[in-house]
Amino acid sequence: MKLGYSQADLSRSSKVKQGTLSKYENDRVESPKAPILMRIAAALETTPEYLMHGTGSESIHDATGTIKELLNEAQKKSPEAIAMLLAAAKALPDK
């Protein structure tokens with residue numbers, strides 16, 4: 001995940017305020033809201049799991065087609081819909 005983005009670049013591409021990105025980067029916010037996390041992950045071409053925990057696929061290009069499709073579709077949804085999607089995913093049984 002070495003895209004060389006500055007905070008200003010990431011702010012523009014993710015549509016997340018630069019001040020908010022700074023708070024996340026400096027650990028001043030423990031849990032980003034799902035819609036914001038999804039936008040940041042998509043802009044960085046990574047997965048939310050990798051952003052939050054450093055696990056899973058580093059690059060969205062390494063993720064399965066289903067995950068890519070899910071991230072792309074989630075970007076189009078309302079924050080409420082994304083929160084519902086995330087809750088549903090967490091409720092699914094593990095492999």
| note | Output for pair (L51 CG, M38 CE), nearest 0.5 Å, gives 10.5 Å
| note | CG (L86) and CG (L37) are apart, to the nearest 0.5 Å, by 8.5 Å
| field | Sequence-distant partners of A81, side chain to side chain contact (heavy atoms under 4.5 Å, CB included), two or more places apart | value | K77, S78
| Hey, what do you get for CG (L44) to CG (L10), rounding to the nearest 0.5 Å? | 5.0 Å
| task | Using the test side chain to side chain contact (heavy atoms under 4.5 Å, CB included), find all partners of A42 that sit at least two apart in sequence or belong to another chain. | result | Q75
| message | Give me the atom names and distance for the closest heavy-atom approach of Y5 to A43. | response | CE1-O, 3.3 Å
| said: So, taking the atom named OG1 in T47 and the one named CE in M52, what distance separates them when rounded to the nearest 0.5 Å? | reply: 11.5 Å
| said: Restricting to side chain to side chain contact (heavy atoms under 4.5 Å, CB included), what partner residues turn up for M84, sequence neighbours left out? | reply: none
Listing, residues 16-24 side-chain donor-acceptor contacts under 3.5 Å, not counting sequence neighbours, or none:
{"unit_1": "S22", "atom_1": "OG", "unit_2": "N26", "atom_2": "ND2", "d": "3.3"}
{"unit_1": "S22", "atom_1": "OG", "unit_2": "R28", "atom_2": "NH2", "d": "3.1"}

| field | Nearest heavy atoms of D9 and G4, plus distance in Å | value | OD2-O, 4.2 Å
| Reported CD-to-CG distance for the pair E80 and L85, which is rounded to 0.5 angstrom | 13.0 Å
| query | Looking only at heavy atoms, which two atoms of A41 and P48 are closest? And how far apart? | reply | CB-N, 3.7 Å
| When you measure from the side chain of S11 to the backbone N and O of Q7, does any donor-acceptor pair fall under 3.5 Å? | no
